[in-house]
Amino acid sequence: MTKVHDDLLRYGSQLPVVNHHPQPRYAMKDQDYGMTVAVAATKGGRVFVCWVGGGDNPKAYFLLSHSDDQGKTWCEPELVIDPHDERIGCDRCTIVGTLWVDPKNRLWLFFNQTLAHFDGASSNWYICCEDPDAENPVWTEPKFLSHGCTLNKPIVTAKGEWLLPVSLWARYHISEPFRDCYHELDGERMANVYVSQDEGETWTRRGGVVFPDSCFDEHMFVELRDGRLWMMGRTRTHGLLETYSDDAGATWSEPKKAVPQSVSARFHLRRLRSGRLLLVKHGKTLEQAAPNRSEMTAFLSEDDGKTWSKGFVLDERFEVSYPDSDETPDGTIYITFDRNRAIDGEILICRLREEDILAGKLVSDGSYLRRIARKPGKLIREEPL
């Protein structure tokens, strides 16, 4: 690492600045990009969405908004994490993260900060809101968690541990001029599992697995009824791969091709309150990988992924991607994804229940599909006369 790089890289792990008063600079009318990050639903019924502005590139930054009427209307961006600073002499972005409501109804926002698109380390941070249902939610100061980044939500195991997916990307993702930096982290370039045994006060790395030809990993895991952990991850050429751990994430089996298949893109897997598993991916059937990130489809499993329901297509269109979900105490499921990030920039939200997925159509009161939650104002085109 050269002295120039050393001086520059310190800005990647500098304490992030969270903008709690982003208006009017970050008004929706002035946005020109939309890539979904996550959705979170509180016990009080408030729904939060977080998404990327700027682009899927070194210009990226985070915006957060909420709805108090089940997704019908949304406030202007109320919190922004935009680490760009012209004085650095290099782009510094926030491009990966997730939202999560913990068992105490605290809202967590995990986010990364990195130079360029990826500087080889990426500092991984979080902030927490004790009362996200308050009129004016108050957030903690950012706290460093690890190197790498967190794209998907933690899980709480039967023993009460919190397990968090953290990916430290392969070296081929590293941007110029940092290609030869951070070799000391090469042993952790994989789909990692971090654990907290004190409800998020501290986090430590427990283990991880290398997915062959990984593509950002974007891994998710669930705890099975027999106590094992089941993880799936994204690859460039092997589709979705799966692996299992019988020691709470310390060691993992050799990754093999999973039965659920999708294009090389983010998928979503979670345990619902009913005990069923929810899977959201591209493709109308479990084994099908739909082209061009089309056919966003939801499936349910009663038996820990051995068999799955018929798929319920949420959106057939091309370029719908990056699903996330959350579930309210009454079993309402919110699913978000984006569409045509740079052309339409739509952050779409679906509200449904398990009976809708099983029926293959909307049958429950208040359900809807692909409602536009957020759309950049600069991408709204007037219809021709």
Verify, without hydrogens or angle tests, whether [X] (side chain) and [Y] (backbone) share a donor-acceptor contact under 3.5 angstrom.
X	Y	result
Asn340	Ile343	no
Lys143	Glu201	yes
Glu223	Ala158	yes
Ser245	Thr251	yes
Asp338	Arg341	no
Arg206	Ala248	yes
Ser67	Trp74	no
Thr336	Leu348	no
Arg270	Met220	no
Lys153	Leu99	yes

**Message:** Quick one, Thr307 and Glu302 - any side-chain contact, counting heavy atoms below 4.5 Å?
**Reply:**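 Thr307 does not reach Glu302 side chain to side chain.
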
**Item:** Check: Leu300 and Leu278 side chains under 4.5 Å, non-hydrogen atoms
**Value:**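 A side-chain contact under 4.5 Å exists here.
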
Take atom [atom1] of [X] as the centre, draw a 6.0 Å sphere, and report whether it contains more than 12 heavy atoms from other residues, nucleotides or ligands.
X	atom1	value
Lys310	NZ	no
Arg25	CZ	no
Glu176	CD	yes

Determine whether the side chains of [X] and [Y] contain a donor N or O and an acceptor N or O closer than 3.5 Å.
X	Y	result
His84	Asp82	yes
Arg189	Ser214	no
Trp100	Thr98	no

Taking only residues two or more places apart in sequence, or in another chain, which ones meet [X] in a side-chain hydrogen bond (donor to acceptor under 3.5 Å, both in side chains)?
X	answer
Glu295	Gln288
Thr73	Asp69
Thr285	none
Ser146	Asn124

side-chain contact (heavy atoms from CB on, under 4.5 Å) involving [X] - partner list, sequence neighbours excluded:
X	answer
His183	Arg171, Asp180, Asp186
Ser294	Ala290, Pro291, Phe318
Gln261	Leu240, Lys257, Ala258

**Message:** Please give the remaining members of the hydrophobic cluster of Val210, linking ILVMFWY side chains under 4.5 Å, ordered by chain and number.
**Reply:**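 The other cluster members (ILVMFWY side chains, heavy atoms under 4.5 Å, direct or chained) are Met190.
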
**Prompt:** If you link I, L, V, M, F, W and Y whenever their side-chain heavy atoms are under 4.5 Å apart, who else ends up in the same group as Val263?
**Reply:**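 Other cluster members: none.
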
Below 4.0 angstrom, N of the basic side chain to O of the carboxylate: do [X] and [Y] qualify?
X	Y	result
Asp365	Arg351	no
Arg46	Asp68	yes
Lys159	Glu161	no
Lys284	Glu316	yes

According to a hydrophobic-cluster definition based on side-chain heavy atoms being under 4.5 Å apart (Ile, Leu, Val, Met, Phe, Trp, Tyr only), do [X] and [Y] belong together?
X	Y	answer
Phe299	Ile335	no
Phe216	Leu168	yes
Val80	Phe62	no
Met232	Trp308	yes
Ile372	Leu369	yes

**Request:** Report the relative orientation of the aromatic rings in His147 and Tyr182; use parallel for angles under 30°, tilted for 30 to 60°, perpendicular for over 60°.
**Result:**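 The arrangement is tilted - the two ring planes meet at 30° to 60°.
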
Where is the tightest heavy-atom contact between [X] and [Y], given as atom of each residue plus distance?
X	Y	value
Tyr368	Ile349	CE1-O, 3.4 Å
Pro212	Thr235	O-CG2, 3.4 Å
Pro83	Cys93	CG-C, 3.5 Å
Ser364	Asp356	OG-OD2, 2.6 Å
Arg234	Phe267	N-CE2, 4.4 Å
Asp326	Ala41	OD2-N, 2.8 Å

**Request:** Decide side chain to side chain contact (heavy atoms under 4.5 Å, CB included) for Asp85 and Tyr11; before the verdict, give the C-alpha distance in whole Å, the side-chain angles of both, and the deciding distance to 0.1 Å.
**Result:** CA-CA 10 Å; Asp85 188 336; Tyr11 291 109; over 6 Å; no

**Request:** Take Met231 and Leu269, measure what side chain to side chain contact (heavy atoms under 4.5 Å, CB included) needs, and give me the verdict at the end.
**Result:** CA-CA 9 Å; Met231 179 197 295; Leu269 176 70; over 6 Å; no

**Cation-pi geometry met for Arg293 and Phe337 (6.0 Å, 45°)** =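 Judged by the rule (NZ or CZ under 6.0 Å from the ring centre, within 45° of its axis), Arg293 is not positioned above Phe337.
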
Could you pull out every donor-acceptor pair under 3.5 Å between side chains of residues 27-39 and any protein atom, sequence neighbours left out?
from	atom 1	to	atom 2	distance (Å)
Gln31	OE1	Tyr61	OH	2.7
Tyr33	OH	Asp56	N	3.3

Throw together a table of side-chain donor-acceptor distances under 3.5 angstrom for residues 105-120, partners on residues two or more places apart or in other chains.
from	atom 1	to	atom 2	distance (Å)
Asn105	OD1	Lys43	N	2.9
Asn105	ND2	Asp133	OD2	3.1
Arg106	NE	Asp102	OD2	2.7
Arg106	NH2	Asp102	OD2	3.0
Arg106	NH2	Glu199	O	3.2
Trp108	NE1	Asp102	OD2	2.9
Asn112	OD1	Ile95	N	3.0
Asn112	OD1	Val96	N	3.0
Asn112	ND2	Ser122	OG	3.0
Gln113	NE2	Gly12	O	3.1
Gln113	NE2	Gln14	O	2.7
Thr114	OG1	Asp119	N	3.0
Thr114	OG1	Asp119	OD1	3.3
Thr114	OG1	Asp119	OD2	3.3
Asp119	OD1	Ala121	N	2.9
Asp119	OD1	Ser122	N	2.9
Asp119	OD2	Leu115	N	3.1

**Asked** Taking Asn152 as the fixed residue, which of His268, Glu218, His219, Arg266 is the one that meets the side-chain hydrogen bond (donor to acceptor under 3.5 Å, both in side chains) rule?
**Response**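 By the side-chain hydrogen bond (donor to acceptor under 3.5 Å, both in side chains) criterion, Asn152 pairs with just one of His268, Glu218, His219, Arg266: Arg266.
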
**Partners passing salt bridge (charged side-chain N to carboxylate O under 4.0 Å, His left out) against Asp91 (at least two apart in sequence or in another chain)** =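 If we apply the salt bridge (charged side-chain N to carboxylate O under 4.0 Å, His left out) test to Asp91, skipping adjacent residues, the hits are Lys59.
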
